[in-house]
Structures are given as C-alpha cells and as structure tokens.
K.L.:
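Mind looking over this structure? Questions follow.
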Amino acid sequence: MKKRLFIYTTLIICIGLLSYFAISIYIDYSNNIKLAKDTVIETAQICADLYEEGTDISAFSKVGEETRITVISSDGTVLADNHPLDMPALENHLNRPEIQAALEGSPASYIRYSDTLGTDLIYYALKIEDGSDHVFVRAAVPVSKIDTYLYQSLPLLIIFLLVIALLCFIFAHSTINRITKPFESIEKNLMLLSEGEYTPETIEGSYEEIDEITRHVDEIAYILQNSLTDLRKEKIKLNYILDNIG
C-alpha cells in the first residue's frame with residue numbers, strides 16, 4: 001500500500017510539475033512576444049514621427065543592428081533599409097501583410113519568415129503621408145532574440161522546478177507515512193491477536209478519519225481477544241471433563 005501510494009503520488013506530482021513548467025514556458029514566451037511587439041510598434045512610431053519632421057531617409061540606417069527599419073514607397077519599392085542589402089534586387093513589398101494593414105488604416109504586427117534575412121521577424125508598419133504621396137515606415141525585430149531571452153531564463157525555471165519537486169516529494173513521503181502508519185499498527189496488532197498476545201495500542205496523530213477507523217478496529221480486536229480468551233478457558237474445562245469422565 002505504501003509503495004503504491006508513493007508511486008501514484010509521484011506520478012501526480014510529476015504530471016503537475018511538468019504541466020506547470022510547460023505553462024510557465026508558454027506564458028513567458030507569450031509575454032516576451034508581447035513585449036517585442038510593443039517595442040516594434042514603439043520603434044516604428046518613433047521613426048514615423050522623425051520622418052514627419054523631415055528627417056532624411058538615410059538617418060534610419062543608424063538604428064541598431066537588432067532592429068530592422070525599412071522605408072517603403074507607395075508602390076512597394078524599398079527606399080532605405082538599415083541593413084546592408086542590395087536595394088535593386090529586393091522584391092516588391094507592397095503585398096506584405098504589415099504593409100497591407102497599414103495601407104488599410106489598421107496597422108498590426110505580424111510574425112513571419114524573412115526571405116531576405118533568412119529568419120523569423122516581428123513586423124509592424126505605419127503609413128506616412130508625404131505631400132501628395134505616402135510612404136511606409138516599417139520596423140522589425142528577430143524572433144530569435146526572444147528565444148535567447150527564453151533560453152537565459154530556463155536555468156532559473158529548472159532550478160525552481162527541482163526545488164518545488166524536492167519539497168513536494170518530502171511532503172508526500174511525510175503524508176504517506178502519516179496515512180500508512182496506523183494501518184501498519186493494525187496489521188501488527190491483528191497478527192498478535194491471532195497468537196493470543198494482543199494488547200490494545202491505538203496510534204493516533206494521523207488524520208481524524210483514519211484515527212476513528214483505528215479506534216473502532218482496536219475496540220473490535222479487544223472484544224475478539226476477550227472472546228478468544230473465554231473460548232480457550234471453556235476449551236480447557238471441556239477437555240478436563242472429557243479426560244476425567246471415566
């Protein structure tokens with residue numbers, strides 16, 4: 001019983017902790033994605049404000065390496081990019097989902113694969129009026145940057161998981177001992193009862209329901225012990241009578 005209880009408890013603890021670990025990773029990753037999207041939106045807005053103030057397009061090339069800034073004309077031609085790219089060789093960007101969203105007046109962030117850089121990026125674009133025409137200012141950050149943050153937090157999550165698992169196992173072991181100890185006492189007493197050496201010994205301190213059961217078992221065993229004692233006495237008398245009946 002004790003072994004089975006420990007195995008079942010261990011399985012439940014492992015399933016619970018693994019579920020907690022998976023949910024924590026998912027929540028952490030989702031939060032990082034949200035923060036990255038907020039950063040992309042903020043960066044695009046700042047660049048758009050600078051463009052509205054008349055900043056030269058070439059100024060966008062000074063933005064950090066991790067963030068990609070692209071200025072796109074109304075016909076989808078790339079006018080500037082802060083990454084060293086071959087501008088004439090770039091595909092038309094007008095059909096990109098973030099550009100279409102900005103064109104429709106509902107800017108939104110998108111995660112998609114970049115054929116140019118060969119990695120997944122989070123994109124966000126804004127439509128900027130430029131006289132009689134308009135341009136698009138687009139910001140993007142690589143998803144791999146978010147994965148790096150997640151990998152950095154994994155050791156801490158694993159250590160926390162192991163500590164919680166150890167505490168759970170210690171608590172489970174202690175609880176199982178408290179549950180099984182009264183039943184082990186009952187088993188021992190019943191063996192003594194079969195040998196005619198039973199003495200009342202109720203072990204309490206477990207749980208109220210279990211203590212109640214052990215008290216009832218102890219009372220029944222005590223009654224049986226007295227009955228067996230009486231039967232043995234009667235048997236002795238009967239044997240004496242039978243031996244001396246002649």
Side-chain angles (χ1 to χ4, degrees), residues 11-52 55 57 59-72 76 78-85 90-91 93-128 135-169:
L11 287 175
I12 293 172
I13 290 173
C14 289
I15 292 172
L17 290 177
L18 289 176
S19 301
Y20 167 79
F21 183 73
I23 293 172
S24 298
I25 293 295
Y26 174 77
I27 292 175
D28 193 23
Y29 182 78
S30 299
N31 288 336
N32 287 337
I33 287 288
K34 184 178 183 302
L35 289 174
K37 287 182 177 180
D38 292 341
T39 301
V40 170
I41 293 172
E42 184 179 356
T43 302
Q45 187 63 58
I46 291 173
C47 292
D49 293 340
L50 290 174
Y51 186 85
E52 289 177 344
T55 302
I57 294 177
F60 292 113
S61 62
K62 299 178 182 179
V63 180
E65 295 181 359
E66 291 185 345
T67 303
R68 182 185 179 189
I69 303 297
T70 308
V71 180
I72 303 165
V78 176
L79 301 176
D81 197 293
N82 65 332
H83 284 70
L85 302 172
L90 292 177
E91 296 180 0
H93 282 47
L94 191 60
N95 62 341
R96 301 292 195 268
E98 66 277 3
I99 300 299
Q100 287 296 314
L103 184 62
E104 295 171 0
S106 303
S109 56
Y110 292 88
I111 300 177
R112 60 179 180 81
Y113 183 78
S114 171
D115 295 325
T116 305
L117 299 180
T119 186
D120 290 325
L121 285 91
I122 302 175
Y123 291 96
Y124 184 83
L126 290 171
K127 178 183 175 183
I128 309 299
V135 296
F136 301 97
V137 175
R138 187 183 69 179
V141 294
V143 176
S144 58
K145 180 181 177 182
I146 302 170
D147 294 337
T148 301
Y149 293 149
L150 184 62
Y151 294 148
Q152 290 175 350
S153 64
L154 273 180
L156 182 61
L157 286 174
I158 291 174
I159 292 174
F160 179 74
L161 182 70
L162 292 176
V163 171
I164 294 297
L166 179 61
L167 293 177
C168 288
F169 286 136

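If you read the sequence from its start, that first residue is 1, and numbering goes on from there. Worth knowing before you read on, the calculation uses all heavy atoms, side chains too, and leaves out hydrogens, waters and symmetry mates.
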K.L.:
Closest approach of Ala125 and Pro107, non-hydrogen atoms and distance?
P.N.:
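Taking Ala125 first and Pro107 second, the nearest heavy atoms are O-CB, 3.6 Å.
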K.L.:
Let me confirm one number: the OG1-NE2 distance from Thr70 to His93, rounded to the nearest 0.5 Å.
P.N.:
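Going from OG1 on Thr70 over to NE2 on His93, the span is 6.0 Å.
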K.L.:
Rounded to the nearest 0.5 Å, what separates atom CG in Leu161 from atom SG in Cys168?
P.N.:
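The SG atom of Cys168 is 9.5 Å from CG of Leu161, to the nearest 0.5 Å.
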K.L.:
Test side chain to side chain contact (heavy atoms under 4.5 Å, CB included) on Val163 and Leu167; report intermediate values, then the result.
P.N.:
CA-CA 6 Å; Val163 171; Leu167 293 177; 4.2 Å; yes
K.L.:
Give the minimum heavy-atom separation between Tyr124 and Ala44, together with the two atoms involved.
P.N.:
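Minimum heavy-atom contact is CD2-CB, 3.7 Å.
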K.L.:
Is there side-chain contact between Ile33 and Ile111, with at least one heavy-atom pair below 4.5 Å?
P.N.:
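They are in contact (side-chain heavy atoms under 4.5 Å apart), so the answer is yes.
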K.L.:
For Phe136, which residues count as a ring pair (Phe, Tyr, Trp, His ring centres under 6.0 Å) partner, sequence neighbours excluded?
P.N.:
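By the ring pair (Phe, Tyr, Trp, His ring centres under 6.0 Å) rule, Phe136 matches His134.
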K.L.:
Which pair of heavy atoms, one from Val137 and one from Ala48, lies closest together, and at what distance?
P.N.:
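Nearest heavy atoms, Val137 then Ala48: CG1-N, 4.2 Å.
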K.L.:
Are Val143 and Tyr29 packed together at the side-chain level, in the sense that at least one heavy-atom pair is separated by less than 4.5 angstrom?
P.N.:
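The answer is yes, as the side chains (C-beta and beyond) meet within the 4.5 Å cut-off.
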K.L.:
Given side chains that start at C-beta, do those of Phe21 and Ile158 come closer than 4.5 Å, heavy atoms only?
P.N.:
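In contact.
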K.L.:
Any chance you could measure Tyr20, atom OH, to Ile13, atom CD1, to the nearest 0.5 Å?
P.N.:
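Answer rounded to 0.5 Å: 15.0 Å.
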K.L.:
Locate the shortest heavy-atom distance separating Pro142 from Leu121; write the atom from each residue and the value.
P.N.:
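That would be CA-CG, 4.0 Å.
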K.L.:
Ignoring hydrogens and angles, tell me if any N or O in the side chain of Glu98 forms a donor-acceptor pair with the backbone of Ala108 under 3.5 Å.
P.N.:
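Side chain of Glu98 to backbone of Ala108: no pair is present.
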K.L.:
What's the shortest heavy-atom distance between Tyr123 and Val40, and which atoms?
P.N.:
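Heavy atoms only, the tightest pair is C-CG1, 4.2 Å.
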K.L.:
Answer yes or no: is there a side-chain heavy-atom contact under 4.5 Å between Asn31 and Ile27?
P.N.:
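They are in side-chain contact.
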K.L.:
So, do Val71 and Arg138 sit near enough that their side-chain heavy atoms are less than 4.5 Å apart?
P.N.:
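Val71 does not reach Arg138 side chain to side chain.
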K.L.:
Quick one: pull up CG in Leu103 and CD1 in Ile72 and give me the separation to the nearest 0.5 Å.
P.N.:
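Here the rounded value is 11.5 Å.
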K.L.:
Does some side-chain heavy atom of Phe160 sit less than 4.5 Å from a side-chain heavy atom of Leu156?
P.N.:
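Not touching, per the 4.5 Å side-chain cut-off.
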K.L.:
If you measure from CD1 on Ile122 to OG1 on Thr39, what distance do you get to the nearest 0.5 Å?
P.N.:
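Reported value, rounded in 0.5 Å steps: 8.5 Å.
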K.L.:
If you take all heavy atoms of Ser109 and Lys37, which pair is closest and at what distance?
P.N.:
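Taking every non-hydrogen atom into account, OG-CD, 3.3 Å.
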K.L.:
Nearest 0.5 angstrom please: Leu18 CG to Ile23 CD1, how far?
P.N.:
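It is 11.0 Å, given to the nearest 0.5 Å.
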